[in-house]
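Following: one structure in structure tokens, then a few remarks.
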Amino acid sequence: MTEAALASPPLWPDASPFLSCEHLVAGYTEDINILRDISVKVWPGRVSCVVGPNGTGKSTLLKAMFGFLKPNSGTVRMGEKEITGSAPYRMLGLGVAYLPQRPSLFPYLSVESNLKLGLWHTKPKKAVIAAKLDDVYRRFPVIHEKRGQQAGQLSGGQQRQVEIARSLMADPSVYLIDEPTAGVDPQTSGTIYEIVESLARDLGKAVLLVDQDIRAALAITDYVYVVKTGSIFSEGAREDFGTDTDALVARWLYASGE
Ligand SMILES: Nc1ncnc2c1ncn2[C@@H]1O[C@H](COP(=O)(O)OP(=O)(O)OP(=O)(O)O)[C@@H](O)[C@H]1O
Ligand SMILES: [Mg+2]
């Protein structure tokens, strides 16, 4: 082993995660737990992906990690710090952004006003806002073009890009992203997956992606969690599942068929 290799940090996935949850149990009512025992990790510069059948608890997992649901047991950690049950409005300050499954823009506000709301949790100076907007417009030329329009007038795919751009204004370290291409045309879907991948690869963000488009998601994923009725059915590095996506999908279908 070379000296450089000895000096390097632990190899992923043994490296410390940015965000993790352990043995999470949560639900919408006191007596029914949707999440029965779920542990997931999200690493810097990596995309972790949660796949599984409809209604199995994928969105519920993100809501519980982001504080919309108070877990009945289990822990959520940001690095070493325990943040279980932290209110959602505190999460952005902790470095965690959440892009929900349903559209979350203010449709009657302009694109630019929506972007500025990405900094609602701070009191930024005008120069800071201008610099952040410049940065976002440089990354997303389409959004720059549409900055004066009402957000609700944009296509579904463009609105998704504005949501990602809005979150970038706050420069979080972790992204929880729920079904980013639901209802988006196939061509724009490709652009959105490229953007999600580049959040991890180019900007070093830790991304937890929930997706039903399993083939598209797996193409950008490093670590896979297959969820079945509120618990992890199977997990591993993308390579461990092999290069045969169909075989993985078959495992997923098997999970749903039991
Ligand atoms: N607000 C809510 N109140 C009560 N039950 C809910 C609520 N939201 C979801 N559920 C229930 O929780 C279970 C898990 O739902 P969840 O939305 O987490 O599934 P999902 O895996 O994200 O599904 P999909 O792939 O369709 O998005 C379902 O049985 C659903 O009906
Ligand atoms: Mg969902």
Side-chain angles (χ1 to χ4, degrees), residues 19-42 47-76 84-89 91 96-105 156-157 159-160 163-164 167 174-186 188-189 192-193 195-196 199 207-221 223-236 241 245 248-258:
L19 183 71
S20 60
C21 67
E22 277 191 353
H23 304 299
L24 210 57
V25 176
Y28 297 91
T29 55
E30 275 175 20
D31 49 340
I32 302 173
N33 286 317
I34 303 293
L35 306 181
R36 296 179 182 178
D37 179 356
I38 292 210
S39 304
V40 303
K41 293 177 183 172
V42 196
V47 179
S48 300
C49 183
V50 177
V51 295
N54 288 112
T56 203
K58 304 181 298 296
S59 296
T60 304
L61 172 64
L62 296 195
K63 288 183 219 167
M65 290 180 84
F66 199 72
F68 282 114
L69 291 175
K70 206 172 171 67
N72 292 324
S73 61
T75 52
V76 180
T84 317
S86 275
Y89 67 86
M91 293 301 279
V96 185
Y98 169 57
L99 276 67
Q101 190 167 344
R102 287 168 193 269
S104 64
L105 296 177
Q159 290 192 36
R160 270 309 196 186
E163 288 178 294
I164 295 173
S167 63
V174 179
Y175 274 79
L176 306 178
I177 306 182
D178 200 347
E179 308 271 0
T181 61
V184 173
D185 67 88
T188 318
S189 289
I192 294 192
Y193 283 116
I195 293 169
V196 171
L199 289 174
V207 178
L208 182 57
L209 173 67
V210 161
D211 217 315
Q212 285 203 22
D213 188 344
I214 187 166
R215 286 185 176 79
L218 289 181
I220 63 163
T221 291
Y223 200 89
V224 186
Y225 295 96
V226 183
V227 175
K228 173 190 169 188
T229 49
S231 50
I232 303 288
F233 167 76
S234 169
E235 68 169 274
F241 284 91
T245 308
L248 179 54
V249 173
R251 276 175 87 172
W252 174 58
L253 290 174
Y254 166 69
S256 64
E258 267 198 353

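As the structure lists them, so they are numbered: ligands from 1, and atoms in each ligand from 1.
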>> Just to be sure I read this right, does ligand 1 sit under 4.0 Å from the backbone of Thr60, its side chain, both, or neither, counting only heavy atoms?
In response: both
> Which heavy atom of the protein is the closest neighbour of atom 11 (C) of ligand 1, given with residue, atom name and distance?
Replying inline: Tyr28 CE1, 4.0 Å
> Where is the nearest protein heavy atom to atom 24 (P) of ligand 1: which residue, which atom, and how far?
Replying inline: Gln212 NE2, 3.5 Å
> Step by step, would you call Asn33 with Tyr28 a side-chain hydrogen bond (donor to acceptor under 3.5 Å, both in side chains)?
Replying inline: CA-CA 7 Å; Asn33 286 317; Tyr28 297 91; over 6 Å; no
> Do any nitrogen or oxygen atoms of Gly55 lie less than 3.5 angstrom from nitrogen or oxygen atoms of ligand 1?
Replying inline: yes
> Closest non-hydrogen protein atom to atom 17 (O) of ligand 1, residue and atom name please, with distance?
Replying inline: Ser59 CB, 3.7 Å
>> Please enumerate all residues that pass side chain to side chain contact (heavy atoms under 4.5 Å, CB included) together with Ser104, with sequence neighbours excluded.
In response: Pro100, Glu163, Arg166
> Who passes side chain to side chain contact (heavy atoms under 4.5 Å, CB included) against Ser20, sequence neighbours left out?
Replying inline: Pro17, Lys41, Arg77
> For Tyr225 and Phe233, what are the C-alpha separation, side-chain angles and deciding distance, and is it a ring-ring contact (aromatic ring centres under 6.0 Å, His included)?
Replying inline: CA-CA 8 Å; Tyr225 295 96; Phe233 167 76; over 10 Å; no
>> Give the atom numbers and elements of ligand 1 that come within less than 4.0 Å of a heavy atom of Ile34.
In response: 12 (O), 13 (C), 14 (C)
> Counting no waters, what protein N/O/S atoms lie under 2.8 Å from the Mg ion (ligand 2)?
Replying inline: Ser59 OG, Gln101 OE1
> Mind checking what makes salt bridge (Lys or Arg N to Asp or Glu O under 4.0 Å) contact with Glu179, not counting sequence neighbours?
Replying inline: none
>> Return the closest protein heavy atom for atom 26 (O) of ligand 1 as residue, atom name and distance.
In response: Asn54 ND2, 3.0 Å
> Gln101 heavy atoms, cut-off 4.0 Å: which ligand 1 atoms fall inside?
Replying inline: 27 (O)
